[in-house]
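One structure below.
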Protein chains: 2
Amino acid sequence: MKNALTFLQDHGIQPTAQRVAIAEAVLDNTTHPTAEEILVDAQKRCAIVSRATVYNALKLFVEKGMLRTQIIREGTVVYDPNTQNHHHFIDEESGTIIDIPWDWLKVQGKQNLEEYDIHEYQVILRGRKKR
Amino acid sequence: MKNALTFLQDHGIQPTAQRVAIAEAVLDNTTHPTAEEILVDAQKRCAIVSRATVYNALKLFVEKGMLRTQIIREGTVVYDPNTQNHHHFIDEESGTIIDIPWDWLKVQGKQNLEEYDIHEYQVILRGRKKR
DNA sequence: CACGAAATTAGAATTAATCTAAATCTTGAC
DNA sequence: GTCAAGATTTAGATTAATTCTAATTTCGTG
């Protein structure tokens, strides 16, 4: 369990009651929540938090490298506390987004892309999770 | 240059003046346009086309397998007339989305995903195009 | 404690997309 | 050819995600 207060400080972010609540709502959350979901969760954590503050804080957290956004769901941005390289699997039945460890997959053939300066990449997989 | 009328018929779609204009606007378009961009283009092609009709027609075209949607751009769906498997490169400077041929890249290690039933996947790359 | 900067806020504004219900075409049966 | 049934189109209302605005509150420092 990450300590939200320490985490904010480590990223050079002035901690406030609202930011701590928002950080707590997102830092250990592996479900790839939307801003709206984070708002609901943060409001449960005692602080008075407005929608605008959630959007402001998430934008700041991303700028400071504490979180990343992922463009994976139609119509809405999701937030990802996993800032390491990784891939994503999307369950087509439930919409659940699951992290896939970076070293599970290898992408070969990037020498074909010499016209491109690649900053980052990931594999996006869609299907169903077995059980 | 694909013939829009024939293309509609081949996909079991009743052709109308509006649908032909919309199909022409999207079928040879490799820029991954949004519905709004397709509306503007279709309206130039002489037919009277409303926004609702563009959304209706694009939804139908996707259902019939004539187009695919891609979730690549923040906040909006883009349409892709390339229904073959392929990857995407996104130029971070301009936002331009470029198709990368399927066989330029190989993804290895899918045996690590035996818990998952994979229907499709693609590599999404971000960076800058050199010139 | 006072002051200026930073943070928060409610609500308005914007944008993409969907919905609604009425108007307008087609098409096939006769 | 005529007409009803069904398909298509439409303007505008609605919804949802996000950003903006401008006023208020809180904070850190001297």
- prompt: Under 4.5 Å between any side-chain heavy atoms of B:Y116 and A:L125, yes or no?
  reply: no
message: Distance check needed: C:dA16 P versus A:I71 CD1, whole Å only.
response: 15 Å
- request: Report the residue from A:H87, A:H86, A:H88 that forms a ring-ring contact (aromatic ring centres under 6.0 Å, His included) with A:W102.
  value: A:H87
statement: To the nearest angstrom, the CZ-C1' distance between A:R73 and D:dA17 comes to 11 Å
statement: On DNA chain C, more 5' by nearest nucleotide between A:I48 and B:V78 is A:I48
- prompt: Hey, does B:R51 reach any base, or is it just sugar-phosphate, or nothing, if we go heavy atoms under 4.0 Å?
  reply: nothing
query: Counting side-chain heavy atoms from C-beta on, which of D:dT18, C:dT8, D:dT10 comes nearest to A:Q18?
result: C:dT8
message: How long is the straight-line distance from CD1 of A:I13 back to CG of A:L5, given to the nearest 0.5 Å?
response: 11.5 Å
field: From CA spacing to verdict: side chain to side chain donor-acceptor pair (under 3.5 Å), A:Q70, A:H32
entry: CA-CA 8 Å; A:Q70 297 288 347; A:H32 304 80; over 6 Å; no
statement: Checking C:dA17, C:dA7, C:dA10 against the side chain of B:Y55 (C-beta onward), the nearest is C:dA17
query: Could you give the CD-to-P distance, from A:E63 to C:dA7, as a whole number of Å?
result: 11 Å
field: Nearest-angstrom distance from the residue atom NZ of B:K64 to C1' of D:dT8
entry: 14 Å
message: If the cut-off is 4.0 Å, is A:S50 near the phosphate of C:dT9, judged by side-chain N/O to OP1 or OP2?
response: yes
message: Looking at A:K110, I want to see if its NZ is surrounded by more than 12 non-hydrogen atoms of other residues, nucleotides or ligands under 6.0 Å.
response: yes
query: How does protein contact run along nucleotides 21-30 of chain D, one letter per nucleotide 5' to 3', with B for base contact, S for sugar-phosphate only, - for none, heavy atoms under 4.0 Å?
result: -------S--
task: In whole angstrom, give the distance that lies between atom CG of A:L58 and atom P of D:dA17.
output: 14 Å
message: I need the CG-C1' distance between A:L39 and C:dT9, as an integer number of Å.
response: 13 Å
- prompt: Start at the 5' end of DNA chain D and walk down; is the nucleotide closest to A:K59 or to A:E36 reached first?
  reply: A:E36
- request: Could you please name the option among D:dT9, C:dT9, C:dA7 that lies closest to any side-chain atom of A:R19?
  value: C:dA7
field: Lys/Arg-Asp/Glu bridge criterion (N-O < 4.0 Å) met for B:R51, B:E36
entry: yes
task: Taking the side chain as every heavy atom from C-beta outward, state whether B:I38 and B:I22 have any atom pair closer than 4.5 Å.
output: yes
- line: Rounded to whole Å, CD of B:E74 lies from P of D:dA16 at a distance of 20 Å
task: Scan B:T76 against the nucleic acid and name what it touches under 4.0 Å (heavy atoms): base, sugar-phosphate only, or nothing.
output: sugar-phosphate
